[in-house]
Amino acid sequence: MTLEQEIAKRRTFGIISHPDAGKTTLTEKLLLFGGAIQKAGAVKSSKIKDHARSDWMEIEKQRGISVATSVMGFNYNGIKINLLDTPGHQDFAEDTYRTLTAVDSVIMVIDCVKGVEMQTEKLMEVCRMRSTPVICFINKLDREGQDPFDLLDEIEEKLNIKVRPLSWPISMGKTFKGVYSLYEKSLKLFTPSKTTVEEAIEISDINDPVIDQLVGENNAKQLRADVELIEGVYPEFDVDDYLSGNVAPVFFGSAVNNFGVKELLDTFIKIAPTPIPRETTLREVEPSEKKFSGFIFKIHANMDPKHRNRIAFLRVCSGKFERGSNYTHVRQDKNIRFSNATAFMAQDRETVEEAWPGDIVGLYDTGNLKIGDTLTDGEKFFYTGIPSFSPEIFKEVINKDAMKTKQLEKGLIQLMEEGVAQLFTFELGNRKVVGTVGALQFEVIQFRLKNEYNATVEFAPQNIFKACWISSKDQVKLQEFIDSKQRHIARDKDGKLVFMAESKAWLQMVQDNFPEIEFHFTSEFKETPEALNQN
Ligand code: G4P
C-alpha cells in the first residue's frame with residue numbers, strides 16, 4: 001500500500017468524559033466491534049474508584065493498567081483505528097491534556113442524567129485550543145435523564161461549541177424505545193442487552209405509520225414534533241463544520257446496553273479525520289511527506305524498579321517509521337536507532353516493523369526522551385502545541401535524607417520527564433516546588449521516589465495560586481520585574497521563567513502594575529485558553 005493509502009485508512013482518536021459518564025464501557029464496546037476483545041468485561045477501568053481509599057497497590061495497579069490500555073489499535077471495516085486512552089481520574093488531567101495533542105479527533109461521552117460536568121468543560125477547552133473535531137455521545141438513555149433539547153443547549157452553552165444531533169431518542173429511562181437516525185433515516189429499537197446489536201429499520205418518511213406501530217402513537221407524535229423542531233432549528237449537518245471543530249455531531253445511546261454504539265462507530269469512520277497536518281517550529285508538516293517525523297507525548301516508567309528503561313509513546317506524524325532506522329533526536333541533536341519498537345494492538349503488544357502517520361509506537365528508552373521531544377529523518381524542527389498548563393496544587397520538596405540528595409535529584413528529573421508533575425526551581429535559594437493538577441500525584445511521587453530511587457521526601461504546602469510563564473518585549477523591564485519579585489520567580493523544567501502568583505487578586509494587581517510584562521498560563525504562549533486561565 002502507498003503512504004497515501006495507509007494514511008487514508010487511519011483514524012486516531014481519544015474518548016474523553018467526566019469520570020463515570022461511561023468512557024470505559026464505550027471503549028469496551030468499540031473494541032468488541034473491532035474484534036479486539038471477545039467478551040465484555042475485558043477492559044479494566046483505568047480509574048481509581050475511591051480516592052480516599054487509594055493505597056500504593058492501587059497506584060501501581062493504575063500505572064500497570066494505564067500502560068496496558070494506553071493505546072488500543074484495532075481494525076474495523078478496513079479502517080485502522082487507534083484509540084488513545086485518557087485517565088479517568090481528574091488528578092491525572094495533565095496526562096489527558098497531553099494525550100489529546102496526539103489525537104486527530106475526540107469522542108466526548110456525556111451522562112444524560114448529569115449533563116455537562118466540570119471535567120468535560122476543561123477537556124473541551126483543550127480540544128478547542130487545537131480545533132480538534134468532537135463527536136458527542138450522550139449516554140445512559142436507559143435512565144431518566146434530562147430533556148434532550150436541554151442537554152443540547154447545555155452543551156452549546158457550557159462547552160461553547162455548536163451541536164447538530166444526528167440521532168434522536170424516543171422517550172427515555174424505563175420507557176426508552178430507541179433512537180431515530182436523522183442521518184440515515186432509520187429507526188433502531190431498544191432492547192436492553194449487553195451483546196446484541198440492534199437492527200436498523202429503514203424509514204423513508206417520518207410520517208410512515210409503521211413508526212406508530214413500533215413505538216406507540218404518542219411517542220411517534222412526539223418524535224415527529226421533535227424532528228420538525230430539529231430540522232427547523234439546527235442547520236443541515238456539514239462535515240466540514242465538524243472537521244474544523246465548529247460543530248459537534250451528537251448521538252444518543254446506552255453504552256452498557258451496546259445501544260447506539262455501532263451507529264456511532266459507523267459514522268465515526270465515515271466522517272472522522274484521517275491524520276492531519278501538524279504545526280512545527282519551522283512549517284506545517286503534511287502526513288504524506290515521505291520523510292518520517294513524530295513526537296513523544298507520553299512516557300511510562302518500567303514498573304520494575306530494577307529496570308530503569310521506559311516506554312516513550314511516539315505519535316507518527318509524517319512518512320514511514322521503520323524499526324532499526326536511525327532518526328534525529330532534534331533536542332539532543334543526535335541520531336538514535338530504535339531497534340526495539342512496539343505496536344499497540346488492543347491489549348497485546350507486538351514488535352512493530354513499520355508504522356504510518358496516525359500510529360502510536362512504543363519506544364524503549366533509557367533516559368534520552370522527554371515528553372514533547374521531536375524525532376525526524378534529519379530535519380531540525382520541533383512539533384508545537386504540546387504545552388504545559390499551570391498546575392493547581394504546589395508543594396515544596398523537603399529532602400529527609402541528605403545522604404540521598406543525588407538520588408533525589410535524579411528521581412525528580414526522571415519523574416518530571418515522565419510528566420507525573422511539574423517541577424519549578426526558585427531562583428532564590430534553589431527551592432524545588434512540585435506542581436500538580438491533583439493531590440494524588442504527591443502520593444505517587446513520594447512513593448516512587450522511595451521505591452525506585454531510595455530517596456525520602458516530604459512535601460510542604462505552598463501558598464501559590466498559579467504558575468505564570470512570563471515574557472516581555474522589553475528585556476530591561478523584564479529584568480526589573482524579576483529583581484523586584486525575586487522571591488516569586490522560578491524556572492520550569494526547560495529553564496523558562498515563571499512567576500508564582502500567590503492569589504488571583506494579587507496576580508491581577510501585579511499584572512496592572514507591570515503592563516510591559518506578559519503573563520501566560522501555558523508554557524507555549526500563543527495558545528492560552530481563556531477558561532483554563534480563570535480557574
Ligand atoms: P468512566 O470510564 O467514564 O468512568 O465510566 P464507566 O464506563 O466505568 O461507567 C461508569 C458506570 O456507568 C458503570 O457502572 C457503568 O456500568 C455505568 N454505565 C455505563 N454506560 C451505561 C448506560 O448506558 N446505562 C447505565 N444505566 N449505566 C451505564 P458502575 O456501577 O460504576 O460499574 P459496574 O459495576 O457496572 O462496572
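When reading the values below, keep in mind they use all heavy atoms of this one structure, side chains included, and skip hydrogens, waters and symmetry mates. Atoms within a ligand are numbered from 1 in the order they appear, just like the ligands themselves.
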Quick note on ligand 1: atoms under 4.0 Å from a heavy atom of Ser17 include exactly 3 (O)
Does the distance from a Lys or Arg side-chain N to an Asp or Glu carboxylate O, for Arg128 and Glu125, drop under 4.0 Å? yes
Judging by distance only, is a nitrogen or oxygen of Ala255 under 3.5 angstrom from one on ligand 1? yes
Looking just at side-chain N and O atoms, do Asn218 and Gln222 make a donor-acceptor pair shorter than 3.5 Å? no
Mind checking whether Phe237 and Tyr183 have parallel, tilted or perpendicular rings, split at 30° and 60°? perpendicular
Would one find an N or O of Pro19, backbone or side chain, under 3.5 Å from an N or O of ligand 1? no
Once you round to the nearest 0.5 Å, how far does CD1 of Ile230 lie from CG of Leu152? 7.5 Å
Looking only at heavy atoms, is any part of Ser254 under 4.0 Å from ligand 1, and if so is it the side chain, the backbone, or both, or is it neither? both
is_close_aromatic(Phe176, Phe259), centroid dist under 6.0 Å: yes
Quick check: does Asn257 get an N/O under 3.5 Å from an N/O on ligand 1? no
Could you pull out, from Leu141, Asp20, Val261, Thr27, the option with a heavy atom nearest to atom 1 (P) of ligand 1? Asp20
With a 4.0 Å cut-off on heavy atoms, is Asn139 touching ligand 1? yes
Please compare Ile15, Ile138, Asp142 and report which has the shortest non-hydrogen distance to atom 24 (N) of ligand 1. Asp142
What atoms of ligand 1 come closer than 4.0 angstrom to any heavy atom of Lys23? 1 (P), 2 (O), 3 (O), 5 (O), 7 (O)
Do we get Lys395 above Phe442's six-membered ring, with its NZ or CZ under 6.0 Å from the centre and within 45° of the axis? yes
Phe251/Phe137 aromatic ring centres below 6.0 Å: no
Shortest reach to atom 2 (O) of ligand 1 by a heavy atom, considering only Ile16, Val256, Leu26, Thr24: Thr24
